[in-house]
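Down below is the structure, laid out as structure tokens.
Here is how names work: the chains are called A, B, and so on, in the same order as the sequence lines, proteins then strands, and each is numbered from 1.
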Number of protein chains: 2
Amino acid sequence: MISSGEGAIRVERPTKTLRELALEKVRDAIISGHFKPGERLVERDLCAQLGVSRTIVREVLRHLESEGLVTNPTNKGPMVALLDIGEARQIYEIRGALEGMAAKLCAEKGDPDLVAQLDAALASIRKAYALNDMRSVLEETTGFYEALFTRVERQIAWGVVKLMTVRINHLRSMTIKTEGRSVDGPKQMQLIVDAIRAGNGAAAERAAIDHVRAAAAIADAVLSAQVPAAES
Amino acid sequence: MISSGEGAIRVERPTKTLRELALEKVRDAIISGHFKPGERLVERDLCAQLGVSRTIVREVLRHLESEGLVTNPTNKGPMVALLDIGEARQIYEIRGALEGMAAKLCAEKGDPDLVAQLDAALASIRKAYALNDMRSVLEETTGFYEALFTRVERQIAWGVVKLMTVRINHLRSMTIKTEGRSVDGPKQMQLIVDAIRAGNGAAAERAAIDHVRAAAAIADAVLSAQVPAAES
DNA sequence: CGACGGTTTTTGGTAGACCATAATACCCGA
DNA sequence: TCGGGTATTATGGTCTACCAAAAACCGTCG
């Protein structure tokens with residue numbers, strides 16, 4: 001991303017600032033469900049729990065707000081964002097559009113290295129499924145798509161997809177556990193890779209969209225079942 | 001967005017918090033070029049200029065950072081983000097994908113009201129061009145696309161497009177001033193509307209993509225000319 | 001049981017302090 | 001004059017304390 005002219009001998013001290021640490025902690029806590037949707041996030045409580053000052057906490061909350069993980073009704077204080085079923089559908093749709101675009105570009109690029117990388121990622125996913133290691137499944141799947149985007153220099157689209165993804169993370173972890181997903185999921189991704197290998201852009205796009213669509217359908221079912229009819 | 005059960009008699013005091021005000025001010029200052037790309041944004045200076053405390057300024061900077069308008073090199077302090085030509089291309093591409101998607105959905109919906117609204121927006125754009133009122137051109141164009149997205153309930157995609165758009169705002173204001181743009185721009189948008197009116201989803205999608213593509217091409221030319229060869 | 005009124009909680013926002021580090025200016029000796 | 005080391009300054013990162021106002025809570029009284 002940064003055009004550092006002078007090679008890779010940079011010292012790169014990964015000085016994480018306290019704020020970044022706190023941000024990750026809170027984000028993970030939300031994603032992992034430690035803080036449940038709708039739960040209030042009281043600034044001073046967070047200060048105590050994180051062991052940092054309000055300055056930090058406020059900045060973190062603001063950041064998460066702009067990520068869509070936290071909502072902030074004025075004069076009420078921040079809370080973990082609720083995921084609307086309509087929003088979830090929209091997010092899956094956006095992912096479909098962008099992942100389809102990336103897959104198409106990959107196919108048109110015709111880079112054997114890329115195909116190899118995707119194959120490897122897919123193998124890892126299958127292995128993780130076999131071991132029932134859902135955490136790794138998610139991780140490797142993320143890696144698969146990261147390659148899909150970044151190998152054709154689409155960092156920004158990848159950023160958007162990541163942003164969207166954190167908001168539906170708990171849905172993701174439910175969809176991958178669904179009956180048959182351990183077979184269907186990789187199979188659909190295989191179709192993407194095959195189309196890319198064949199250099200068939202249109203097919204790659206379609207396959208990517210289909211894969212997201214399948215995940216969306218499962219998520220939809222999960223959400224509908226989970227909240228059959230929220231009373232007024 | 002919010003399901004307020006009890007009708008529209010809400011008092012709705014638009015109590016903007018200071019922070020929100022400050023955020024808009026700074027964002028506008030960046031978009032309008034008051035703060036130029038690469039310029040340092042010194043926290044204490046901003047405090048003085050905005051008349052708010054450092055807490056607020058820091059939160060605002062963090063927010064703009066996650067919008068991509070500000071970068072924050074560690075140990076250096078925030079500065080207005082530089083727009084890379086590659087990033088600009090990526091952004092136009094994403095807009096193409098999403099606006100194409102929205103246009104297609106609009107066509108498939110077949111809502112006469114929507115068509116009327118788009119026609120009206122387009123008329124306003126033409127009028128603004130005739131008056132050489134570029135500010136209004138931008139505004140009305142935004143309205144056009146907002147309708148395109150929100151009329152088919154794609155608020156999230158619209159949010160993404162808005163996010164992308166602020167980052168290329170100065171490019172936008174240059175492209176619309178380009179020779180012939182006052183004719184070509186509306187003409188291309190007319191094609192979108194026509195396709196929607198005809199209920200032709202594929203054509204609407206194509207027209208939307210073409211329109212973005214044309215803008216991207218101009219932006220590309222502008223950027224390439226502007227920075228012929230940035231030295232190492 | 002319900003309305004009223006006060007107390008506590010919590011947010012929005014401010015001021016100012018402290019430290020660490022990066023950049024800059026400066027100064028002194030060879 | 002040049003080189004190098006040191007003092008200074010600018011700035012971000014972080015903390016604490018404080019205030020006002022909105023909300024939430026709670027207990028009392030009609």
Problem - Atom-to-atom span, NZ of A:Lys76 to P of D:dA22 - whole angstrom - result: 14 Å
Exercise for the section: Specify the separation, in whole Å, of atom CG of B:Leu18 and atom P of D:dA20. Expected result: 16 Å
Exercise for the section: Would you please say whether a donor-acceptor pair under 3.5 Å links the side chains of B:Thr17 and B:Glu20? Expected result: yes
Practice task
Pick base, sugar-phosphate or nothing for B:Arg58, based on heavy-atom distances below 4.0 Å to the nucleic acid.
Solution key: base
Completion exercise
Taken to the nearest whole Å, CZ/B:Arg19 to P/C:dG13 is 6 Å
Practice task
Please state how far atom CG in B:Leu23 lies from atom P in C:dG12, giving the value in whole angstrom units.
Solution key: 14 Å
Practice task
Report yes if a side-chain nitrogen or oxygen of B:Asn75 is closer than 4.0 Å to either non-bridging phosphate oxygen (OP1 or OP2) of C:dA22; otherwise report no.
Solution key: yes
Problem - A:Ile56, nearest nucleotide to its side chain (from D:dT14, D:dA23, C:dT14) - result: D:dT14
Exercise for the section: Identify which nucleotide among C:dT14, C:dG13, D:dG13 has an atom closest to any side-chain atom of B:Val52, counting heavy atoms from C-beta outward. Expected result: C:dT14
Completion exercise
Note: A:Arg19 and B:Arg58 closest approach over all heavy atoms is NE-NH2, 4.4 Å
Handout entry: Residue-level proximity of residues 34-51 of chain A to DNA chain C when a heavy atom falls under 4.0 Å
Key = A:Arg40, A:Leu41, A:Val42, A:Glu43, A:Arg44
Completion exercise
Here the distance between atom P of D:dG12 and atom CG of B:Leu61, to the nearest Å, is 9 Å
Practice task
Using only side-chain N and O atoms of A:Thr74, determine if any of them is under 4.0 Å from OP1 or OP2 of D:dA22.
Solution key: no
Problem - N or O in side chain of A:Asn72 less than 4.0 angstrom from C:dG12 OP1/OP2 - result: yes
Practice task
Figure out the CD/P separation between A:Glu59 and C:dG12, and round it to whole Å.
Solution key: 14 Å
Exercise for the section: Mind listing the closest non-hydrogen atom pair of A:Ala22 and A:Ile56 along with its distance? Expected result: CB-CG2, 3.9 Å
Practice task
Figure out the CE/P separation between B:Met79 and C:dA22, and round it to whole Å.
Solution key: 15 Å
Practice task
Of all the heavy-atom pairs spanning B:Leu82 and B:Gly38, show the shortest one and how long it is.
Solution key: CD2-N, 3.6 Å
Handout entry: Electrostatic pair B:Lys127:B:Glu140 at N-O distance under 4.0 angstrom
Key = no
Handout entry: C:dG13 base / A:Arg54 side chain donor-acceptor hit below 3.5 Å
Key = yes
Problem - A:Arg27 vs A:Leu64 side-chain heavy atoms within contact, under 4.5 Å - result: yes
Exercise for the section: For residues B:Gly100 and B:Ile209, report the shortest heavy-atom separation together with the two atoms involved. Expected result: CA-CG1, 4.3 Å
